[in-house]
Amino acid sequence: MTSRTHGALYDSEAALRLVDTTLREMTGESADAVPHATPAAGVSIGALAHRIEQGYAELVQTLATLRQTRSVLEQSAVAPIHVTHDKLKQVSAATEVAATDILNGIDRAVAMVDELDALDGQDPERRAPEVRGALRDELFAVMGHMQFQDITSQQLAHASAVLSKMEARLVSLCQLFDPAQGPGSATLEVLGAFDDHATTSGREERQAVADEVVAARPATG
Amino acid sequence: MKFLVVDDSATMRRILINSLQRIGYSTCVEAGDGAEALEKFDPSIEFVITDWNMPNMSGIEFTKALRQVAPAVPILMVTTRSVREDIIAAIEAGVNNYVVKPFTPQVLKEKIDAVLAGQAAAA
């Protein structure tokens, strides 16, 4: 929690207390008085106008600090929610692409098995070994598509890290609003180690960058 | 040739080991993070493939630690990280070559061959 957050919340609370005190004084209430008490008879019009002006100033200040509080809440919650949403969208897209690739691979593999069945016993051009080789390649490519699992796991771990951080901030914020409740505790655990930029996209372009760096800086090991 | 495959994802370890078998390397030891890999490393291991992002000990930390005890063993980093600065950091830590995930078996073979050719030329 930033010092700005503490400041904004402290100012908001202080301003609200001042307004409350002023209003109670205007109506002649004590802190324990019941609502809707009859205004004190001794308050002059001039004093009343002064109190209203004072109350108005306090309300303006309170609104300003509430706006600050809103900005702090936005930083604590809205931005992380957008990051999490983006990561979930990436996971959704990656699983869609991987599932399509896997299904296409299985379709091609099934067609090759059908072709092998057709060649069974009548293969004058001896195509069966070639088809079997292609079938192995296809099945192996299907296994390669399963790499999406590692990448989407990292994207989900990133999202869980953002949510965990947001939970800790919100717990601190809640405590500021109600210090009497004592310190709360964040409970979310991050799912695992991750790369912030893990993606299934642009494999060839990213490998080209790696090749360029490796070519330019030969390993020392 | 005996390989040590280090990745916290069991799926990735399986894909890597299958890929290695397919290109002719059938002897593999596997580890789930850098710390476990350091424990399992012994002089009979002739090639190391490691991920970067792992719990307990990352691939970069593992590479630096391994270079202290095995300065010449070939190390190939296979990772999602593809920011230029990260790749430079990996090379400086001591990896010999770099494969970006998701990879194809062809790229994996190319990089293993390149590392082995580089080592043979240097010998």
Side-chain angles (χ1 to χ4, degrees), chain A residues 87 90-91 94-95 97-98 101-102 105 133 135-158 160-161 189-221, chain B residues 7-16 18-19 22 33 51-59 63-64 66-67 70-75 77-88 90-105 107-108 110-111 114-115 118-119 122:
Chain A
K87 286 290 158 195
Q90 285 177 24
V91 170
T95 51
V97 169
D101 288 344
I102 290 166
L135 177 58
R136 275 192 206 95
D137 288 345
E138 196 62 69
L139 292 173
F140 195 73
V142 167
M143 186 193 294
H145 292 314
M146 299 304 288
Q147 289 179 71
F148 87 94
Q149 189 275 336
D150 172 52
I151 294 163
T152 53
S153 285
Q154 293 192 51
Q155 290 168 333
L156 290 173
H158 186 181
S160 88
E189 280 181 31
V190 178
L191 293 177
F194 61 89
D195 166 17
D196 291 359
H197 306 290
T199 177
T200 51
S201 309
R203 175 177 69 193
E204 288 176 6
E205 293 83 355
R206 292 186 294 117
Q207 183 63 53
V209 173
D211 292 347
E212 185 193 321
V213 173
V214 171
R217 301 171 71 105
T220 53
Chain B
D7 199 305
D8 58 331
S9 160
T11 305
M12 281 310 304
R13 290 201 302 274
R14 192 165 167 184
I15 292 170
L16 279 164
N18 274 296
S19 301
R22 189 157 171 80
D33 60 50
D51 183 22
W52 183 316
N53 292 99
M54 295 181 289
N56 302 322
M57 182 185 275
S58 73
T63 298
K64 288 176 181 171
L66 186 59
R67 281 287 172 242
V73 69
I75 303 177
M77 178 74 80
V78 180
T79 175
T80 54
R81 297 179 84 112
S82 53
V83 176
R84 185 176 294 272
E85 289 69 27
D86 287 343
I87 302 165
I88 292 169
I91 298 294
E92 287 176 350
V95 309
N96 298 83
N97 214 317
Y98 203 97
V99 172
V100 172
K101 290 178 185 173
F103 65 88
T104 61
V107 169
L108 185 69
E110 269 174 38
K111 302 312 170 195
V115 171
Q119 293 243 317

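Note that the structure is predicted; figures quoted are calculated from it, not measured. The chains referred to below are lettered A, B, ... by the order of the sequence lines, with proteins before strands, and numbering in each begins at 1.
- If you measure heavy-atom distances from B:Ser19 to chain A, the contacts under 4.5 Å come from both the backbone and the side chain.
- Looking at every heavy atom in both residues, A:Phe194 comes nearest to B:Asn53 through O-ND2, 2.9 Å.
- A salt bridge does not link B:Arg13 to A:Asp150: none of the charged side-chain nitrogens sits closer than 4.0 Å to a carboxylate oxygen.
- No part of B:Asp86 comes within reach of chain A, as not one of its non-hydrogen atoms sits under 4.5 angstrom from that chain.
- Here B:Leu16 contributes atom CG and A:Gln147 contributes atom CD; the two are 7.5 Å apart, rounded to the nearest 0.5 Å.
- Note that the NZ atom of B:Lys101 and the CG atom of A:Asp195 stand 9.5 Å from one another [nearest 0.5 Å].
- With a 4.5 Å cut-off on non-hydrogen atoms, B:Met54 touches chain A through its backbone but not through its side chain.
- Minimum interatomic distance between A:Ala193 and B:Pro55 (heavy atoms only, all atoms of both residues): CB-N, 3.7 Å.
- A distance of 11.5 Å separates CD1 of A:Ile151 from OG1 of B:Thr11, quoted to the nearest 0.5 Å.
- Heavy-atom distances place no part of A:Glu205 under 4.5 Å from chain B, backbone and side chain included.
- A heavy-atom distance below 4.5 Å is not found between the side chains of B:Thr80 and A:His197.
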**OP:** For the pair A:Arg136 and B:Arg22, evaluate side-chain contact (heavy atoms from CB on, under 4.5 Å) and give the outcome as yes or no after the intermediate values.
**Re:** CA-CA 10 Å; A:Arg136 275 192 206 95; B:Arg22 189 157 171 80; 4.1 Å; yes

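- Heavy atoms closer than 4.5 Å to chain A are found in both the backbone and the side chain of B:Arg81.
- The heavy-atom pair separating B:Val100 from A:Arg206 by the smallest distance is CG1-NH1, 3.0 Å.
- The minimum heavy-atom distance linking A:Val214 with B:Tyr98 is given by the pair CG2-CB, 4.0 Å.
- Summarising the geometry, atom NZ belonging to B:Lys111 is positioned 5.0 Å from atom CD belonging to A:Gln207; distances are rounded to the nearest 0.5 Å.
- Only the side chain of A:Phe140 comes within contact range of chain B, with heavy atoms under 4.5 Å apart.
- Here the closest heavy-atom approach between residue B:Arg84 and residue A:Glu212 is recorded as NH1-OE2, 3.1 Å.
- Contacts between A:Asp196 and chain B at a heavy-atom distance below 4.5 Å are absent for every atom of the residue.
- Within the 4.5 Å cutoff, the side chain of A:Val209 has no heavy atoms near those of the B:Ser82 side chain.
- B:Val107 touches chain A through its side chain: at least one heavy atom from C-beta onward sits under 4.5 Å away, while N, CA, C and O do not.
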